[in-house]
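Because the structure is a prediction, the values reported are computed rather than measured. Just follow the structure's listing: the first ligand is 1, and inside any ligand the first atom is 1.
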Amino acid sequence: MTGKDRRFPLSLSSVVDQQKRSSSGSPSVRVATPQTATQNAARSLTGRVTPAIERRMSANPERQQPLVSESVRRAMVARLANQGIKDKLVLGAMEAVQRHLFIEPGLVAQAYVDASIPIGYQQTISQPYIVARMIEVLRNGGVLNRVLEIGTGCGYQAAVLSVVATEVYSIERIRPLHELARTNLRPMRIANVRLQYGDGMLGLAQAAPFDGIILAAAGLNIPQALLDQMSIGGRLVAPVGARHQVLQLVERVSKFDWVHTTLEDCHFVPLQAGTV
Ligand code: SAH
């Protein structure tokens, strides 16, 4: 496989092929890294950390910072649990994904602080708590097959989603950020995430319906196209509002009925129409 072939979006066949190759004893050498214990911890927490997640642990060594140790990430996960995140699969995913690899080198020391961090183009990587909270609400202890994320940003939340869902589609409207996410995710070889450049307010009709939709940017309301692309029984989590924002859960209970529940205050960058 050439480097070009590995570019996102990856086809489902490449996912299957990759899994076949790794299970058929390809000559990939497993080297113990400082992250090995984290992998083990994540595996024992989630019970289903994928080979892609394991590979990502040792990916991109030049961006590994000695100060960003597994214990710092474990402390972040302990904080999330104290803040009320209960879902073990979500906590395991937060422990498995190395947030510092999504942050520019100058800001890496902030990587495991519970704060949003600039990623350029006036956008931010969401704070760990809200990423965990939204995914916990989306999952509701159930199985997520096909998930759509609006607002890829640097790709961090998409990577976390890749641990808890079978297939993840993520749309970004700012081309350089879409490219940044590609660059960040490529060395991690996550086979079940597909990145799409476009206006997420229109959803992704060709991949619909989704049993989970997550918005990483706040609109004044939730676009009807996204409500229409939910499967019946599906869940959508989104920040809604302008200066004052609340997290909303929408459950599609029938072809024509959606139930909205307001959860808690939050603060996100705005959802904007069109592409740039
Ligand atoms: N999930 C991201 C958070 C990025 S911030 C992460 O983990 O880093 C939210 C992102 O939503 C921004 O990159 C912004 O450009 C994007 N966005 C805003 N409106 C959008 C739209 N209509 N379609 C797609 N992306 C959008």
Closest protein heavy atom to atom 1 (N) of ligand 1, given as residue, atom name and distance to 0.1 Å: Glu149 OE2, 2.9 Å
Close-contact set for ligand 1 against Ser126 heavy atoms, below 4.0 Å: 3 (C)
Cys154 near ligand 1 by a heavy-atom separation under 4.0 Å: yes
Leu177: numbered ligand 1 atoms lying under 4.0 Å from its heavy atoms: 13 (O)
Arg146 (side chain) donor-acceptor with Ala207 (main chain) under 3.5 angstrom: yes
Shortest protein heavy-atom distance from atom 25 (N) of ligand 1, along with the residue and atom involved: Arg173 N, 3.4 Å
Shortest protein heavy-atom distance from atom 23 (N) of ligand 1, along with the residue and atom involved: Gly200 N, 2.7 Å
Test item: Asn192 side-chain N/O and Ala165 main-chain N/O as donor-acceptor pair under 3.5 Å: yes
Distance filter under 4.0 Å to Ile174 heavy atoms, resulting ligand 1 atoms: 15 (O)
Nearest non-hydrogen protein atom, atom 5 (S) of ligand 1: Thr124 O, 3.0 Å
Chi angles and distances behind the side chain to side chain donor-acceptor pair (under 3.5 Å) call for Asp114, Gln83: CA-CA 11 Å; Asp114 195 29; Gln83 288 170 287; 3.1 Å; yes
Gln206, CD atom: more than 12 neighbouring heavy atoms under 6.0 Å: yes
Short side-chain to backbone donor-acceptor contact, Thr275 and Gly198, under 3.5 Å: no
Atom 13 (O) of ligand 1: nearest protein contact (heavy atom, Å): Glu172 OE1, 2.7 Å
Within reach of ligand 1, part of Ala217 (heavy-atom separation under 4.0 Å): side chain
Pick from Ala158, Gly151, Ala181, Gly274: the one approaching atom 11 (O) of ligand 1 most closely through a non-hydrogen atom: Gly151
Tyr156: numbered ligand 1 atoms lying under 4.0 Å from its heavy atoms: 7 (O)
Nearest neighbour in protein (non-hydrogen) for atom 9 (C) of ligand 1: Ala216 O, 3.3 Å
Closest approach of any protein heavy atom to atom 7 (O) of ligand 1, naming residue and atom: Gln157 N, 3.0 Å
Pairwise side-chain contact, Leu249 with Leu247, heavy-atom cut-off 4.5 Å (strictly under): no
Donor-acceptor pair, side chain of Ser254 and main chain of Phe256, under 3.5 angstrom: yes
Side-chain touch Pro128/Arg99, heavy atoms, less than 4.5 angstrom: yes
Closest protein heavy atom to atom 14 (C) of ligand 1, given as residue, atom name and distance to 0.1 Å: Gln123 OE1, 3.4 Å
Non-hydrogen atom of Gly219 closer than 4.0 Å to ligand 1: no
Per-atom contacts of ligand 1 with Ile125, taking only distances under 4.0 Å to non-hydrogen atoms: 8 (O)
Heavy-atom donor-acceptor pair, Arg73 side chain to Met76 backbone, under 3.5 Å: no
Proximal ligand 1 atoms for Gln272, defined as those under 4.0 Å from one of its heavy atoms: 18 (C), 19 (N), 20 (C), 21 (C), 22 (N)
Side-chain donor/acceptor of Asn145 to backbone N/O of Thr166, under 3.5 Å: no
Interfacing atoms of ligand 1 (cut-off 4.0 Å, heavy-atom, Val269): 5 (S), 9 (C)
Atoms of ligand 1 close to Thr152 [distance to a heavy atom under 4.0 angstrom, numbered from 1]: 1 (N), 2 (C), 6 (C), 8 (O)
Ring geometry between Tyr169 and Phe210 (parallel below 30°, tilted from 30 to 60°, perpendicular above 60°): perpendicular
Backbone N/O of Phe268 and side chain of Gln245: donor-acceptor pair under 3.5 Å: yes
